[in-house]
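Below is one structure; the comments refer to it alone.
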Amino acid sequence: MDIKAYIDSGILELYVTGQLSEQENQEVYELMQQYPEILDEVLAIEAALIKLGASVSPGVSKTTIQLIKQQLEFTSESSKVVQLPKSRTNWFTYTGWAAALIAGVGLLWTVNQNKQLEIQLSDADLENAYLETQIEDAKTDLAAKENLLNILRDKDIISVPLGGQGNFANSYAKVYWNKADNSIYLDAQGLPDAPEGKVWQVWSLTLNPLTPTSLGTIEDFNSDENKIFTIANANESEAFGITLEPAGGSESPTMEQLHTLGVVAP
């Protein structure tokens, strides 16, 4: 776009004085946002009109007129002035004030549009920041999932399915035990949210004699989305079980609340 030709076309003066259609006003406004040179020219035109309105305002004193005459070296002897009848209406003055008023209204409209533009830009910045955060979170989540998949696919990982027990036949879970670093990865997707005042507790078991060892409680179970938890386990486990216990956990499992149990394959 030839910005200079557009400015020289006179359309900006019509825009400032409110002579354009609504569609034409919108086109000029959009160009003002796109080209700083056009915005600067509009502001300059508005400033000039305001200055013009002030310069033609009524109230020029006789003293000022006399000073002007002196500067022009007019004297009563050298010149004869023919007095013309005063016009009842000073149309030039009124036109100046009208132009200033129109310019003022145009300036207020422009300021308002600029404020709306600032708000839109601010909203866009917030949306972009939120989107960037989501992208980073997605990248982090993807990296964590890929790392977990690599761990679960390790040939040295022992997989132990935990089936539902008694009245909790619909419950299930799975333990992935890495003996090399004494850790287990518990997939507890098959357990319901713990009721208020209750907590899931994981147990390592030896079978002969039956000896349970607590591996801790899952305090953030309800709020965790993927329901996969990392738990330390340095025991020679022969089985794993999960019970529902009072908040804080129990020293020994409540067998009536044994939801899942699984034996490590020999």
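What you are looking at is a predicted structure, and each value in this text was computed from that prediction instead of being measured.
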Atom pair [atom1] ([X]) and [atom2] ([Y]), whose distance is rounded to the nearest 0.5 Å:
{"X": "Ile11", "Y": "Tyr6", "atom1": "CD1", "atom2": "OH", "answer": "4.0 Å"}
{"X": "Gln33", "Y": "Ile38", "atom1": "CD", "atom2": "CD1", "answer": "11.5 Å"}
{"X": "Glu41", "Y": "Leu12", "atom1": "CD", "atom2": "CG", "answer": "6.0 Å"}
{"X": "Leu39", "Y": "Gln34", "atom1": "CG", "atom2": "CD", "answer": "12.5 Å"}
{"X": "His259", "Y": "Leu162", "atom1": "NE2", "atom2": "CG", "answer": "13.0 Å"}
{"X": "Leu191", "Y": "Leu186", "atom1": "CG", "atom2": "CG", "answer": "7.5 Å"}

Item to check | Test side-chain contact (heavy atoms from CB on, under 4.5 Å) applied to Glu238 and Val264, step by step | outcome: CA-CA 5 Å; Glu238 295 178 342; Val264 179; 5.5 Å; no
Give me the atom names and distance for the closest heavy-atom approach of [X] to [Y].
{"X": "Gln189", "Y": "Asn226", "answer": "OE1-O, 3.4 Å"}
{"X": "Ser252", "Y": "Trp203", "answer": "C-CH2, 3.4 Å"}
{"X": "Ser214", "Y": "Gln201", "answer": "OG-NE2, 2.9 Å"}
{"X": "Pro253", "Y": "Pro212", "answer": "CD-CG, 3.7 Å"}
{"X": "Gln257", "Y": "Phe168", "answer": "OE1-CZ, 4.0 Å"}
{"X": "Ala239", "Y": "Leu207", "answer": "CB-CD2, 4.1 Å"}

Next on the checklist: If you count every heavy atom of other residues, nucleotides or ligands that lies below 6.0 Å from Asn170 atom CG, does the total exceed 12?
Outcome noted: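 No, not enclosed.
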Side-chain heavy atoms of [X] within contact of [Y], under 4.5 Å:
{"X": "Phe229", "Y": "Asp220", "result": "yes"}
{"X": "Asn182", "Y": "Asn233", "result": "no"}
{"X": "Val199", "Y": "Phe221", "result": "no"}
{"X": "Val160", "Y": "Ile184", "result": "no"}
{"X": "Phe240", "Y": "Thr260", "result": "no"}
{"X": "Leu244", "Y": "Trp200", "result": "yes"}
{"X": "Leu258", "Y": "Met255", "result": "yes"}
{"X": "Ser159", "Y": "Lys174", "result": "yes"}

Is there a path of hydrophobic side-chain contacts, each under 4.5 Å between heavy atoms of I/L/V/M/F/W/Y residues, joining [Y] to [X]?
{"X": "Leu205", "Y": "Ile242", "answer": "no"}
{"X": "Ile45", "Y": "Tyr35", "answer": "yes"}
{"X": "Tyr172", "Y": "Leu261", "answer": "no"}

Checklist entry - Per the side chain to side chain contact (heavy atoms under 4.5 Å, CB included) rule, which among Ile218, Asp193, Asn222 passes with Lys227? => result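 Single side chain to side chain contact (heavy atoms under 4.5 Å, CB included) partner of Lys227 among Ile218, Asp193, Asn222: Asp193.
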Checklist entry - What do the steps show when you test Val175 against Val202 for side-chain contact (heavy atoms from CB on, under 4.5 Å), and what is the final call? => result CA-CA 10 Å; Val175 166; Val202 184; 5.8 Å; no
Flag, side chain of [X] to backbone of [Y], donor-acceptor distance under 3.5 Å:
{"X": "Glu225", "Y": "Ser223", "answer": "no"}
{"X": "Asn235", "Y": "Ser237", "answer": "no"}
{"X": "Glu245", "Y": "Thr254", "answer": "yes"}

Next on the checklist: Ignoring hydrogens and geometry beyond distance, is a side-chain donor-acceptor pair present between Gln26 and Glu22 at under 3.5 Å?
Outcome noted: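 No, because no side-chain N or O of Gln26 sits under 3.5 Å from a partner of the opposite role on Glu22.
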